[in-house]
Amino acid sequence: MIIYLHTLSAIIGLTINVICQVCICRYINRKFSLLKSVYTGFVLGLCGLILTELYYLYQSPLPLREKICFILVNVITYSALGYGYFHFINLGETARRIRILRELYNSQNGLSLEGILTKYNAQKILSRRMNRLLNNNQVVCRNGRYYINNPTMLIMAKIIVAMKLIVLGKKSEFN
Amino acid sequence: MSVLFYGFCLVFIALFIHFSVWKIRLPHNQTKTLLGIFSATLAIGGPILWKYSADIRFFGITAPATIHEYLILCIFFVSLTLAYVTTYSALEVDSPSLVMVMEIAKAGSKGLDKNVLSQKLNNDILVIPRIKDLVIGNLVYLDGNIYKLTEKGLFIARLFAAYRKLMEKTEKGG
């Protein structure tokens with residue numbers, strides 16, 4: 001029994017994470033933003049994982065070094081699964097491809113290019129994203145001009161550009 | 001120790017193949033190719049480790065020996081693969097938010113005029129390439145001049161629609 005619990009502990013942690021995150025979003029929505037619900041779900045899932053692993057640590061006859069390595073594997077696995085789940089939520093919220101798919105799904109007979117652009121276009125994308133940047137204080141607007149207020153997003157952007165250069169050998173998809 | 005070590009070894013082998021293939025030629029459908037490389041690495045590497053577990057020894061670490069160790073190794077490898085593939089999607093295309101932040105940063109202390117962004121980031125840059133991606137990825141097809149969902153596209157659209165319904169999300173997002 002303990003061996004199965006230990007083998008699947010990262011999956012158990014992810015299940016706790018998802019259930020808690022969905023419950024928080026549905027029932028405590030007023031107090032928690034989506035991002036906070038993701039963080040809280042992740043921490044609660046991690047607690048579930050740690051409890052399972054502590055039980056394993058106590059019950060298993062393996063040497064301590066081996067047990068610690070197995071726990072490390074499961075913590076890394078859980079973190080990667082939690083990161084994947086965060087991306088899944090993020091895709092549903094911000095990805096343009098998913099939004100276009102949803103627009104096509106909601107239309108009964110498909111959409112022409114003009115139809116898609118009426119429902120979802122560059123103007124709407126810019127407006128929505130600029131609101132997010134302004135609300136999160138990443139950017140400020142003074143006298144009709146935008147300025148960087150908090151460099152967090154800028155640092156992230158630079159890291160992603162550096163990764164693009166390493167993996168794809170170019171800075172932008174349009175290069 | 002063996003699961004951790006050989007799990008990372010398989011991930012590094014997959015990354016090495018991925019970088020090598022990308023250096024030769026950028027694949028047409030990058031995500032599909034990436035998933036193919038990682039799946040093949042696990043499908044070939046796992047049985048090799050299993051078959052030669054008694055002979056394989058690096059830095060004094062022997063290959064995993066039991067079925068439960070291999071199960072943990074598979075879950076470990078798959079989770080890291082998914083994490084990498086989701087991160088890769090952020091590299092593959094330019095995120096509008098990050099492009100906006102970079103443009104504002106480029107303007108420096110003068111600031112960036114509100115209208116400049118909408119001139120630079122138009123439908124040709126932000127929307128039409130994503131529609132093309134959907135066609136290339138076989139999620140959408142053209143019927144005359146009408147875009148329609150394929151079975152695969154329908155499945156993904158339903159998945160996200162169901163999840164948003166579960167979360168009681170009413171905003172359109174995007």
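Protein chains get the first letters and strands the later ones, always in sequence-line order, with residue 1 at the start of each.
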Answer with side chain, backbone, both or neither: which region of B/Y147 has an atom nearer than 4.5 Å to a non-hydrogen atom of chain A?
both
Contact class of A/L133 relative to chain B, heavy atoms under 4.5 angstrom
side chain
Is A/E103 close to chain B through its backbone or its side chain, or both, or neither, when contacts mean heavy atoms under 4.5 Å?
side chain
So, the part of B/I125 with a heavy atom under 4.5 Å from chain A: the answer is both
At a 4.5 Å cut-off on heavy atoms, which part of B/F76 comes close to chain A: side chain, backbone, both, or neither?
both
Does the A/R96 side chain pair with the main chain of B/L126, one donor and one acceptor, at a distance under 3.5 Å?
yes
Any donor-acceptor pair under 3.5 Å linking the side chain of B/N123 with the backbone of A/A122?
yes
Short side-chain to backbone donor-acceptor contact, A/K164 and B/L91, under 3.5 Å
yes
Part of A/R142 lying under 4.5 Å from any heavy atom of chain B
neither
B/L121 versus chain A, heavy atoms under 4.5 Å apart: side chain, backbone, both or neither?
both
Examine distances only and state if a side-chain atom of A/R102 and a backbone atom of B/A161 form a donor-acceptor pair shorter than 3.5 Å.
no
Is B/T81 close to chain A through its backbone or its side chain, or both, or neither, when contacts mean heavy atoms under 4.5 Å?
neither
Scanning both residues in full, the closest heavy-atom pair of A/N109 with B/K148 reads O-CE, 3.4 Å
Using only atom types and a distance under 3.5 Å, with no angle test, would you say the side chain of A/R97 pairs donor to acceptor with the backbone of B/D133?
no
Identify which part of A/N74 has an atom lying under 4.5 Å from any heavy atom of chain B, answering side chain, backbone, both or neither.
side chain
Chain B contact via A/V140 - which portion, at a heavy-atom distance below 4.5 Å:
neither
So, the part of B/A105 with a heavy atom under 4.5 Å from chain A: the answer is both
Contact origin within A/I11 toward chain B - heavy atom pairs under 4.5 Å:
side chain
Without hydrogens or angle criteria, can the side chains of A/Y83 and B/S79 be said to hold a donor-acceptor pair below 3.5 Å?
no
Checking B/Q30 against chain A: side chain, backbone, both or neither under 4.5 Å from a heavy atom?
side chain
In terms of heavy-atom proximity below 4.5 Å to chain B, should A/K170 be classed as side chain, backbone, both, or neither?
side chain
Can you find a pair of side-chain heavy atoms, one from B/K110 and one from A/Y147, that are under 4.5 Å apart?
no
What part of B/Y88 is in contact with chain A, defined as an atom under 4.5 angstrom from a non-hydrogen atom: side chain, backbone, both or neither?
side chain
Under 4.5 Å from a heavy atom of chain A, the part of B/V127 involved
both
What residue in A/I68, A/N143, A/L117 has the most heavy-atom pairs under 4.5 Å with chain B?
A/L117
Against chain B, label A/R129 side chain, backbone, both or neither, depending on which of its atoms sit under 4.5 Å from a heavy atom there.
both
Region of A/I116 in contact with chain B, defined by heavy-atom distances below 4.5 Å:
side chain
Checking heavy atoms, do the side chain of A/L113, its backbone, both or neither come under 4.5 Å from chain B?
both
If you look at every heavy atom in B/L166 and A/R26, which pair is closest and at what distance?
O-NH1, 2.8 Å
Check each atom of B/F8 against the heavy atoms of chain A and say whether the ones under 4.5 Å are side chain, backbone, both or neither.
side chain
In terms of heavy-atom pairs under 4.5 Å with chain A, which of B/L117, B/I75, B/V99, B/I104 leads?
B/I104
Between B/F160 and A/F88, ring centroids under 6.0 Å
yes
So which part of A/Y120 gets closer than 4.5 Å to some heavy atom of chain B, the side chain, the backbone, both or neither?
both
Using side-chain heavy atoms (C-beta onward) and a distance below 4.5 Å, is A/I76 in contact with B/L4?
yes
Top of B/R130, B/R158, B/K23 for chain A proximity - count of heavy-atom pairs under 4.5 angstrom
B/R130
So for A/V139, is it side chain, backbone, both, or neither that comes closer than 4.5 Å to the heavy atoms of chain B?
side chain
Let me know if A/Y85 has heavy atoms under 4.5 Å from chain B in its side chain, its backbone, both or neither.
side chain
